[in-house]
Amino acid sequence: MPLIEVDDVSLAYDTPAGRVQGVLGATFNMEESEFLCLVGPSGCGKSTLLNIIAGFLTPTGGEIRIGGKKVSGHGMDRGVVFQDFAQLFPWRTALGNVAFGLEMKGMGKEEREEIALQQLKLVKLEKFANSYPHHLSGGMQQRVAIARALAYNPAVLLMDEPFAALDAMTRDDMQRLLADVWKTTGKTIIYVTHNVAEAVYLADRVIVMTPHPGTVKAEIPIMLPRPRDPLSLEFLEHQKQLLNYLGQGTSKAA
Amino acid sequence: MQDAAVATPSTSARAGMRIGENIRVIGRNLFPFLVVAVIWEIIARLEVFSRRLFPTLEEIFSSLYRLTVAGILPMHAFETVLRLLSGFAIAAVIGVTIGVLMARSRRAEDIFLPLVSILAPIPGLAYAPLFLLWFGLGNFPAVLLVGFVSMFPIIFNSWTGVKAVKEIWVRSAQAMGADDKRLFRYVILPGALPYILTGMRLGLAQAWRVLVAVEMLAAVPWGLGWLIFGAREMLNTDVMMAGILLIGVIGLLLEKLVFEKIERYTVVRWGMITA
Ligand SMILES: Nc1ncnc2c1ncn2[C@@H]1O[C@H](COP(=O)(O)OP(=O)(O)O)[C@@H](O)[C@H]1O
Ligand SMILES: [Mg+2]
């Protein structure tokens with residue numbers, strides 16, 4: 001049985017201007033320890049779908065099952081990382097942020113801080129454990145956010161364009177770091193992006209969504225060996241294939 | 001150890017520079033007061049008003065000194081500050097509670113917002129006669145009035161602050177398993193703190209103003225407001241001036257020593273506001 005089943009999920013937003021379809025009949029499955037990228041043009045419903053999986057939104061049609069159990073509301077089996085750097089609590093140090101989930105679980109101070117420090121080591125920020133978020137760069141803040149979402153050991157990590165607001169060089173570093181984190185932890189990750197190269201670099205499998213109202217258009221496995229070389233021919237071929245699916249390719253023939 | 005040996009002179013040099021900097025800042029802040037003092041002294045010496053009504057600085061400060069040493073001024077100040085803090089404590093507790101309720105519950109907002117919007121802009125002293133009629137003379141109406149008046153800015157700012165708490169903090173905390181109670185304590189309160197502190201600062205300023213005035217009306221036996229009012233009857237302008245100076249100094253100290261300290265250790269350290 002797959003770990004996550006997204007079963008014909010739809011959601012329509014009620015707005016003053018009428019109903020807006022956020023996502024329409026999305027269906028796919030996911031295995032444990034798989035790295036899945038959701039790719040699609042801006043506004044196609046990637047965030048909507050991720051927020052449904054996270055339990056922040058309730059679908060108006062279909063359902064999500066994790067481990068065979070229907071999702072209703074948020075839960076500690078899922079960790080979430082957003083695009084916005086402001087997601088960290090400014091009043092807590094990096095360590096305090098990472099320890100938050102464990103604190104909610106009722107774990108003692110010493111134990112949770114030890115685990116939090118390990119998580120910070122994983123994202124190479126142990127030296128900044130006692131810094132407040134506003135003293136950290138955007139990339140560092142996102143690394144703290146990743147450590148924070150992993151610290152209480154959820155089954156699934158959900159990431160919504162976490163590196164989209166970073167400069168290109170930092171983003172490359174962060175992608176390498178995330179690939180390492182995934183290799184060490186073996187987490188199941190759903191990663192939303194509109195950046196095709198990012199998807200090819202990170203994913204085991206890419207779900208391509210149609211433009212608004214979004215639904216699943218194609219599922220493309222990426223079998224390239226890791227660590228991947230973004231300049232290799234195979235890499236570029238995959239990238240081209242994805243761009244074609246998104247209707248952004250320069251030529252149909254490859 | 002080598003490091004320490006090298007570091008010492010440079011640290012002390014930096015400390016020296018910081019002292020120089022401090023002196024300059026103090027000088028800059030003191031200068032306007034010096035100008036006013038000189039003008040005051042000229043007017044007093046020229047006897048534009050009678051000396052009785054417009055005493056020289058020397059007379060004012062000798063009164064200030066005499067009353068302080070005799071323990072009279074400290075006693076008045078103590079009583080006033082005690083009333084201030086009692087009223088303010090009531091306002092802080094009730095004000096934050098109502099403000100947070102308004103932000104968290106639609107119904108509470110519907111009930112309180114119209115009331116607060118009408119009552120808040122009325123000058124505090126306008127309520128004084130009512131409070132005196134209802135609660136008699138003395139401490140009780142004074143403290144109540146102070147609490148009542150300083151409550152409004154605290155309500156408004158707590159309400160705004162809770163509403164301004166970022167949705168993404170709430171979502172993050174919920175995803176990490178925070179229930180409503182802990183969400184409130186660990187996210188909403190610290191997230192709203194910059195606003196709550198601003199509300200308290202404004203509330204305290206309101207409290208201070210209305211208190212000194214109501215002390216003149218409520219016939220309390222001690223207090224700076226009462227001191228000034230009483231001194232007028234005797235034409236003791238030097239005592240009045242001493243009282244007024246002390247009111248300014250205490251207000252400034254509360255602002256600088258209490259609020260700026262609290263802010264520096266919390267919202268400024270967290271980068272939620274710039275110092
Ligand atoms: N809170 C909302 N209220 C109304 N419409 C929304 C809301 N959030 C998103 N939408 C609409 O739903 C569609 C999908 O949005 P979103 O999931 O954010 O797309 P993506 O993340 O792929 O850019 C868009 O057309 C967007 O305008
Ligand atoms: Mg999005």
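To find a chain, count down the sequence lines: A is the first, B the second, and so on, and within it residues start at 1.
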- Item | Side-chain heavy atoms of B:R171 within contact of A:N51, under 4.5 Å | yes
- Query: What heavy-atom pair brings A:H134 and B:R269 nearest, and what distance separates the two atoms?
  - Reply: NE2-O, 2.9 Å
- Look at atom NZ of A:K183 and say whether more than 12 heavy atoms of other residues, nucleotides or ligands are closer to it than 6.0 Å. no
- Query: At their closest point, which heavy atom of B:S172 faces which heavy atom of A:F82, and how far apart are they?
  - Reply: OG-CE1, 3.7 Å
- Could you tell me which non-hydrogen atom of B:G191 sits nearest to which non-hydrogen atom of A:W91, and how far apart they are? CA-CZ3, 3.6 Å
- Note on the structure: If one checks every heavy atom of A:A86 against chain B at 4.5 Å, the contacting part turns out to be both
- Message: Measuring only between side-chain heavy atoms, which start at C-beta, is B:P190 closer than 4.5 Å to A:F89?
- Response: no
- Proximal component of A:L88, with respect to chain B [non-hydrogen, under 4.5 Å]: backbone
- Message: Parallel, tilted or perpendicular: which one describes the rings of B:W270 and A:Y132, with boundaries at 30° and 60°?
- Response: tilted
- By a 4.5 Å heavy-atom criterion (distance strictly below it), what part of A:R92 contacts chain B: side chain, backbone, both, or neither? side chain
- Message: Any heavy-atom pair between the side chains of A:F100 and B:V187 that's under 4.5 Å?
- Response: yes
- Do the side chains of A:Q87 and B:W169 get nearer than 4.5 Å, heavy atoms only? no
- Note on the structure: A:H74 and B:Q174 have their tightest heavy-atom pair at ND1-O, 3.4 Å
- Message: For the interface with chain B, which of A:P90, A:A145, A:G101 has the highest count of heavy-atom pairs at distances below 4.5 Å?
- Response: A:P90
- Query: Counting only heavy atoms not in A:E114, do more than 12 sit closer than 6.0 Å to its CD atom?
  - Reply: no
- In this structure, CE of B:M176 is separated from CZ of A:R148 (nearest 0.5 Å) by 3.5 Å
- Do other residues, nucleotides or ligands put more than 12 heavy atoms under 6.0 Å from the CZ atom of A:R65? yes
- Query: Is the number of heavy atoms from other residues, nucleotides or ligands under 6.0 Å of A:Y13 OH greater than 12?
  - Reply: yes
- Query: Would you find more than 12 non-hydrogen atoms of other residues, nucleotides or ligands less than 6.0 Å from A:H212 atom NE2?
  - Reply: yes
- Flag if over 12 foreign heavy atoms under 6.0 Å of OH, B:Y195: no
- Check A:E103 against B:R182 and note the closest heavy-atom contact, atom names and distance. O-NH1, 3.9 Å
